[in-house]
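Take a look at the structure set out below.
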Number of protein chains: 2
Amino acid sequence: MTEARKPGFSDCNNATLRRAARSLGRFYDDALGPTGLKSTQFGMLFQIHISDEPAMGTIAEALIMDLSALGHTLKPLIRDGYVETFPDKDDRRVKRVRLTPQGQAKLDEALKLWSVAQRQFENKVGAEQAAKLRAALDAVADLDLEMPAAAPSN
Amino acid sequence: MTEARKPGFSDCNNATLRRAARSLGRFYDDALGPTGLKSTQFGMLFQIHISDEPAMGTIAEALIMDLSALGHTLKPLIRDGYVETFPDKDDRRVKRVRLTPQGQAKLDEALKLWSVAQRQFENKVGAEQAAKLRAALDAVADLDLEMPAAAPSN
DNA sequence: CCCTGAAAGTGGCATATGCCACTAATGGAA
DNA sequence: TTCCATTAGTGGCATATGCCACTTTCAGGG
């Protein structure tokens, strides 16, 4: 610890997490490059794929993302014909989402490249270690964090 | 495992990481809300703070972020008067960065709220566990990942 | 000293995400 | 049935990030 410690380092859990996300994101993005999909888009297609014509709100909840953000994120995928939406039969407020045949095909294509990247990653850190990390991250993501209501003087 | 497993799930390390990042990011963002800073901006000010008038490239490297992305990210902070840049004495290509007095003040202000959030988080997961997670994330971020050069037939 | 390739940033363009203000539908309560 | 609080999305605006094409400087080699 001669100087200011090497890399990023604040002990901030959030900063550390984002830093890792940028790093890993670049790797998966590179891997998926040939498909023209970003790793985020791949993740979105996959999520839709494993769900049963989910409502937007359902996806947003599963991915812990803002509903409006989801809407924005979906646009390029809809524009490119990978995803389509349709109204729910019973509740006209609800918009459901599904992959188009092209979307399914693109996902299949991407899965091949993804699995290579995934394997590459697990070879480096160890499959078990990776699984533990994912479990820890899921646990963190699902934490019910709340600020102390910032009420020291009220 | 009745249905499609609960939350986000693909076993994708990247997707899991991003999901956690969105979740945790929201928490820290809320915590820093009163300061008007996003958690990302807080992290940036902190990084600049612990460095010694770093060159842009140095910051980008430490945070594992694209140099141009760094430039974009810095703009709001410069516009708001928290950060300023100045040319390196010896190399005119290099632009160095530092906090302004207001930036330092804002950072001090933010640190108080940040520490509350940080403590809150560590109370939930345990300080030791949190440290381990950060270490794991730093390790992942610093991995030298490379795709198999996609050369099956060349 | 001139030319060339590397290094450091900038700008433009595109996606990722969030928050807020609104609008459209719903599901009761009165 | 009418009216209101709630729920689901949309659009606008702003920040976060990346990649690519340039432009400006440097550092060397000849």
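Proteins come first, then strands; the chains are lettered A, B, ... in the order of their sequence lines, and each starts at number 1. Worth saying up front: this structure is predicted, and the values here are computed from it rather than measured.
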Can you tell whether the side chains of B/Asp144 and A/Lys124 come within less than 4.0 Å, N to carboxylate O? no
Quick one: do A/Asp66 and B/Arg22 make a salt bridge, cutoff under 4.0 Å? no
Interatomic distance where [atom1] belongs to [X] and [atom2] belongs to [N] [whole Å]:
{"X": "B/Met56", "N": "C/dA7", "atom1": "CE", "atom2": "P", "result": "17 Å"}
{"X": "A/Glu61", "N": "D/dG9", "atom1": "CD", "atom2": "P", "result": "11 Å"}
{"X": "B/Arg22", "N": "C/dC19", "atom1": "CZ", "atom2": "P", "result": "12 Å"}
{"X": "B/Leu74", "N": "C/dA8", "atom1": "CG", "atom2": "P", "result": "17 Å"}
{"X": "B/Lys75", "N": "C/dG11", "atom1": "NZ", "atom2": "C1'", "result": "7 Å"}
{"X": "A/Tyr28", "N": "D/dC19", "atom1": "OH", "atom2": "P", "result": "17 Å"}
{"X": "A/Ile64", "N": "C/dC19", "atom1": "CD1", "atom2": "P", "result": "13 Å"}
{"X": "B/Arg18", "N": "C/dG18", "atom1": "CZ", "atom2": "C1'", "result": "14 Å"}

I want to verify a distance call: between D/dA16, D/dC19, C/dA16, whose nearest atom is closest to the B/Gln41 side chain? D/dA16
Which residue, B/Lys38 or A/Asp29, contacts DNA chain D at a nucleotide closer to its 5' end, judged by nearest heavy atom? B/Lys38
With a 4.0 Å cut-off on heavy atoms, is A/Leu37 in touch with a base, just the backbone sugar-phosphate, or nothing at all? nothing
Hey, does B/Asp66 reach any base, or is it just sugar-phosphate, or nothing, if we go heavy atoms under 4.0 Å? base
[N], OP1 or OP2 - any side-chain N/O from [X] closer than 4.0 Å?
{"X": "B/Arg79", "N": "D/dA14", "answer": "no"}
{"X": "A/Arg93", "N": "C/dA24", "answer": "no"}
{"X": "B/Arg92", "N": "D/dC26", "answer": "yes"}
{"X": "B/Thr40", "N": "D/dA16", "answer": "yes"}

Note: for A/Asp91 and B/Ser68 on DNA chain C, the residue whose nearest nucleotide lies more 5' is B/Ser68
Nearest-nucleotide 5' precedence on DNA chain C, B/His72 against A/His72: B/His72
For B/Glu109, does the CD atom have more than 12 heavy-atom neighbours from other residues, nucleotides or ligands under 6.0 Å away? yes
dist A/Gln47:CD -> A/Leu63:CG (nearest 0.5 Å) comes out at 4.5 Å
Taking salt bridge (Lys or Arg N to Asp or Glu O under 4.0 Å) as the criterion, tell me which of B/Arg96, B/Arg98, B/Lys89 meets it with B/Glu53. B/Arg98
